[in-house]
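These notes concern the structure reproduced below.
Below, read A as the first sequence line, B as the second, and so on, with proteins coming before strands; counting in each chain starts at 1.
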Number of protein chains: 2
Amino acid sequence: MDRRHTEKNEEASAQERPTLKTLAFMTGLGVTTVSRALKDAPEIGAETRRRVQLVAKQIGYRPNRAGVRLRTGKTNVISLVLNTDREIMSFVSDIIYGVSEVIADTPYHLIVTPYSRSQDPLDPIRYLVETGSADGVIISRTQPNDARARYMLEHGIPFATHGRTDMGLVHPYHDFDNHAFAVEAVRRLASMGRRKLALLTPPVGLTYYGHTVNGFADALSEVGASEIPFSTVSIDHSIEQIRTRTAQLMRRDIRPDGFVSSAAAATLALVAGIEDAGLKLGHDVDIVSKQSSDLLHLFRPELLIVNENFRLAGSELARSVLGWIGGAAPGSLQSLSVPGEVLAYQRADD
Amino acid sequence: MDRRHTEKNEEASAQERPTLKTLAFMTGLGVTTVSRALKDAPEIGAETRRRVQLVAKQIGYRPNRAGVRLRTGKTNVISLVLNTDREIMSFVSDIIYGVSEVIADTPYHLIVTPYSRSQDPLDPIRYLVETGSADGVIISRTQPNDARARYMLEHGIPFATHGRTDMGLVHPYHDFDNHAFAVEAVRRLASMGRRKLALLTPPVGLTYYGHTVNGFADALSEVGASEIPFSTVSIDHSIEQIRTRTAQLMRRDIRPDGFVSSAAAATLALVAGIEDAGLKLGHDVDIVSKQSSDLLHLFRPELLIVNENFRLAGSELARSVLGWIGGAAPGSLQSLSVPGEVLAYQRADD
DNA sequence: TTGGCAATCTGTAACGTTTCAGTATATTGA
DNA sequence: TCAATATACTGAAACGTTACAGATTGCCAA
């Protein structure tokens, strides 16, 4: 089955994939010249360059990734690092699609590097860095003091975080303005006369937990509403847990008349818990919820909804990483999307 | 910044990533011997083998992927080919997680190869085959006569399909038994006294469209119920379209009193359309729906639900591809998950 | 004693690419 | 005219790995 005894490349019939050697033979040039002609090196004659590129296009030459990678260390790979048991569903596919959109016209491939509950989140990052498996990395579930970001900064590998850090270190990120979300949500509830508000928070420990909580608190004092503590669960908890805790909360004497929820799936559980307690959405209580896929309004029309675009996040993150790889200043590759309108902070390369 | 003038590898201080040459120097053996010792070749002495493997473990040697790939052509990559605009959300992440689980203990990386509406679905497959970018491929949205499967079979690259084909060609697949699903769904509705049933179908053209439609028809005649045609939309249509069409259908004189729905998101739209027409779920009409994430029962407790486990699908698909790569017979790498057996058929009301 | 053979180990070449250090030819300045 | 220089090209080496074709040693049978 292995009939590669075809007297070297130059006499091979036709079927093998063309290499620089093939091109060199066809054009009568040396491989060095061909290699340079293809990347528009200055010391190659204009006509030669055109000729080589024409032939390359004609026979469908594509550089061998392994060859390039071995020689130069460039992998042409972006790695998306995902928590396999915690990341919310639709989340992931949207981010992947967003990233894909951006790298579609580049030589980059997207590899998904998973890690599970049982592992140190730093493990997959170490692996990528130590084995040089990617030119750039995208991480999510970012923390204020994020060991992964610090590690990658120390090791000089370009990356972007979904969510900001707070370590005094500068790196590319994309984030949704959860402070603004919480503020708007509280204002909206207040404008409907709701005065006792509860917050279903993001996972404790992630940076946007703080943003959300602060926005919530800021807006509470602004509108003069009060908080009903609801810190026994976060959107990371199971549907059942959220539902149960919500029902318990709603059966108390002092219960919220308004909720702010940081995730769509959690909102489903929230509503279920409320109704378990015999209360009615839109009457006894209102909810402002974030969502990423456009389905929540079908669930209960009374829900007040703010959209977060994860596909955009994926695109921005990919653009940032590619920008950093391309030599742009990391500080110029940060963006924030604001609920309602998407406001991208400047790009460096203009 | 490039100080690799360190007199070859053997005298390098410590920091560069270890290679076979490093190991050879440390053990006093030749690189060939080291290479063979690491892969348990028979012509290496037992003690030498142990010694080499010990040292390799100690210094954390990991084979350079580019080196292996260049020399052998083995990429250690599995590619998951996804339609960027059509694949349902949770779908994708679950499959990715399932695949990840399986390849976690292998040297394989998972790369996601997207293609969009505008492209020929064969494009990404051609790319993968022509550039030799993967050792194995996983595709979804499988059709009865699937050009991609045929192409990969012709080109001898191992793959697995999510869903079966019907071309008389044998290849690995994993599929959910949608015929059985439709049959059970109809029986269930019939047992509740429903007699005029409609089917919200999978995308026309995909293999499981046929399976579902056939199961539906078979069961209809079995239980003596009649079909109300509802072929203007499929689960590939937008939420709005499904909702509108459903409302139209439900306002007719002759309208269904039972639905079978092939996807959770579509079911949301279905229910919305039904309620738009002023009818009540569980009273005027019942619905049996598939779901992959466990959320539908929160939406309406009256919904009758069948779970499809996409994480399992991902695992099975990965196992199949790895099996084929490993030399197993493609015909032995086919699996079907049956609703009710592998998966729980849950009653919402108990 | 010698030839044969099994058991271990080794050097070289090759995969496709880029970089380094050239070479050959034409062009320029004096 | 000669040397200096710019222009256009080239071979060899190297990245890390594996496969091929030996090489060395010790042991045994004849």
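- Listed candidates were D:dA19, C:dG16, C:dT18. Nearest to the side chain of A:N64 is C:dG16.
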Set out, line by line, the N/O atom pairs under 3.5 Å between protein and nucleotides 7-9 of chain C.
unit_1 : atom_1 : unit_2 : atom_2 : d
C:dC9  : OP1    : B:T48  : OG1    : 2.8
C:dC9  : OP2    : B:G45  : N      : 2.9
C:dC9  : OP2    : B:T48  : OG1    : 3.1

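- To the nearest angstrom, C1' of C:dC15 lies 17 Å from CZ of A:R65.
- The stretch residues 45-58 of chain B participates, sequence neighbours left out, in these side-chain hydrogen bond (donor to acceptor under 3.5 Å, both in side chains) pairs: B:D40-B:Q53.
- Every residue two or more places apart in sequence or in another chain that forms a side-chain hydrogen bond (donor to acceptor under 3.5 Å, both in side chains) with B:T165 is listed here: B:H171.
- Heavy-atom minimum distance, B:T113 versus B:S79: OG1-OG, 2.7 Å.
- Across the interface with DNA chain C, nearest-nucleotide mapping of B:V31 and B:T72 shows B:V31 to be the residue nearer the 5′ end.
- Out of C:dA14, D:dC15, C:dT18, the shortest distance to the side chain of B:R71 is found at C:dA14.
- The bend of the helix from C:dT1-D:dA30 to C:dA30-D:dT1, defined by the angle between the axes of its first five and last five pairs, stands at 60° to the nearest 10°.
- For A:H162, the ring-ring contact (aromatic ring centres under 6.0 Å, His included) partners two or more places apart in sequence, or in a different chain, are A:F91, A:F310.
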Got a list of side-chain donor-acceptor pairs under 3.5 Å for residues 126-135 of chain B, not counting sequence neighbours?
unit_1 : atom_1 : unit_2 : atom_2 : d
B:R126 : NH1    : B:D123 : OD1    : 3.0
B:Y127 : OH     : A:H109 : NE2    : 2.8
B:T131 : OG1    : B:Y127 : O      : 2.7
B:T131 : OG1    : B:S133 : OG     : 2.6
B:D135 : OD1    : B:T75  : N      : 3.0
B:D135 : OD1    : B:T75  : OG1    : 2.8
B:D135 : OD2    : B:T75  : N      : 3.3
B:D135 : OD2    : B:T75  : OG1    : 3.3
B:D135 : OD2    : B:N76  : N      : 2.6

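- Residues meeting the salt bridge (Lys or Arg N to Asp or Glu O under 4.0 Å) test with A:R36, sequence neighbours left out: A:E43.
- When the P atom of D:dA19 is taken as reference, atom CG of B:L38 falls 13 Å away, rounded to whole Å.
- Evaluation of the side chain to side chain contact (heavy atoms under 4.5 Å, CB included) rule for A:V55 yields A:L23, A:M26, A:T27 as partners, not counting sequence neighbours.
- In this structure, B:K39 reaches the D:dT18 phosphate: one of its side-chain N or O atoms is under 4.0 Å from OP1 or OP2.
- Regarding B:E16, its CD atom lies at a distance of 16 Å from the P atom of D:dA14, rounded to whole Å.
- Of the listed nucleotides (C:dT17, C:dT19, D:dG16), C:dT17 has the atom at the smallest distance from the side chain of A:Y61.
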Anything under 3.5 Å between a donor and an acceptor, one on a side chain of residues 147-161 of chain B, the other on a protein residue two or more places apart or in another chain? List them.
unit_1 : atom_1 : unit_2 : atom_2 : d
B:R148 : NE     : B:D146 : OD1    : 3.0
B:R148 : NH1    : B:S140 : O      : 3.0
B:R148 : NH2    : B:S140 : O      : 2.9
B:R148 : NH2    : B:R141 : O      : 2.9
B:R148 : NH2    : B:D146 : OD2    : 2.8
B:R150 : NH2    : B:N145 : OD1    : 2.7
B:H155 : ND1    : B:Y151 : O      : 2.9
B:T161 : OG1    : B:G163 : O      : 2.6

